[in-house]
Amino acid sequence: MGKGFKEKVYQVVAKITKGEVLSYQDVAKKAGSPKACRAVGNIMNRHHIKGLPCHRVIRSDASVGGYFWGTKKKIKRLKEEGVKIESGKVIGFKKRK
DNA sequence: AGGGTGACCCGCT
DNA sequence: CAGCGGGCCACCC
């Protein structure tokens with residue numbers, strides 16, 4: 001296990017600790033394909049794996065991004081983990097723009 | 001700020 | 001079985 005892109009994504013996301021947030025591009029990069037940022041989100045969407053903290057994965061512009069169960073839920077979960085979010089943006093995240 | 005293109009995966013036709 | 005389009009995105013113009 002861990003040969004395919006998806007498997008790598010699972011591993012990377014599963015390694016995200018409580019209160020930490022990573023961007024889709026960062027996950028994609030760690031998974032071996034920096035340009036597969038879109039695929040990462042798609043994988044979560046089509047295969048919402050239980051036990052996988054996909055809510056800790058946000059956009060590279062610090063916006064929370066989408067969520068299978070709803071963006072509102074995603075924000076709530078992140079806040080409960082100690083992540084400061086304001087106006088749909090993660091405070092303290094280095095956005096590229 | 002908005003639109004268009006690029007890269008990758010999955011489901012449907 | 002093969003092709004097309006859409007999606008929890010990112011970057012450039």
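Atoms considered below: every heavy atom in the structure, side chains included; atoms not considered: hydrogens, waters and symmetry mates.
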With sugar-phosphate meaning primed atoms plus P, OP1 and OP2, does A:A36 contact a base, only sugar-phosphate, or nothing at under 4.0 Å between heavy atoms? sugar-phosphate
With a 4.5 Å heavy-atom cut-off, do A:L52 and A:M44 have their side chains touching? yes
Would you say A:I49 and A:V9 are hydrophobically clustered, going by side-chain heavy atoms of ILVMFWY under 4.5 Å? yes
State plainly whether one hydrophobic cluster holds both A:I16 and A:V40, where clusters connect Ile, Leu, Val, Met, Phe, Trp and Tyr through side-chain heavy atoms under 4.5 angstrom apart. yes
Distance check: side-chain N/O of A:Q25 vs OP1/OP2 of C:dC11, anything under 4.0 Å? yes
Can you tell me if the side-chain N/O atoms of A:S60 get under 4.0 Å from OP1 or OP2 in C:dC9? no
Pick the nucleotide of DNA chain B nearest each of A:F5 and A:R38; which residue has the one closer to the 5' end? A:R38
Any idea which heavy atoms bring A:A14 and A:P53 closest together, and the distance? CA-CD, 4.2 Å
Side chain to side chain donor-acceptor pair (under 3.5 Å) with A:E81: which of A:R56, A:K76, A:K18? A:R56
Please give me every residue in residues 85-94 of chain A whose heavy atoms get under 4.0 Å of an atom in DNA chain C, ordered by residue number. none
Given atom NZ of A:K29 and atom P of B:dC8, what is their separation to the nearest angstrom? 15 Å
Can you tell me the distance, in whole Å, between the CG atom of A:D61 and the P atom of C:dC11? 9 Å
Which residues end up grouped with A:V21 if you chain together Ile, Leu, Val, Met, Phe, Trp and Tyr wherever their side-chain heavy atoms are less than 4.5 Å apart? A:I58, A:V64, A:I75, A:L78, A:V83, A:I85, A:V90, A:F93
To the closest 0.5 Å, what do you measure between NZ (A:K74) and SG (A:C54)? 7.5 Å
Could you list all N or O pairs between the protein and nucleotides 10-13 of chain B that sit under 3.5 Å apart?
unit_1, atom_1, unit_2, atom_2, d
B:dC10, OP1, A:K6, NZ, 3.4

Please state whether the rings of A:H55 and A:Y67 are parallel, tilted or perpendicular, taking 30° and 60° as the class boundaries. perpendicular
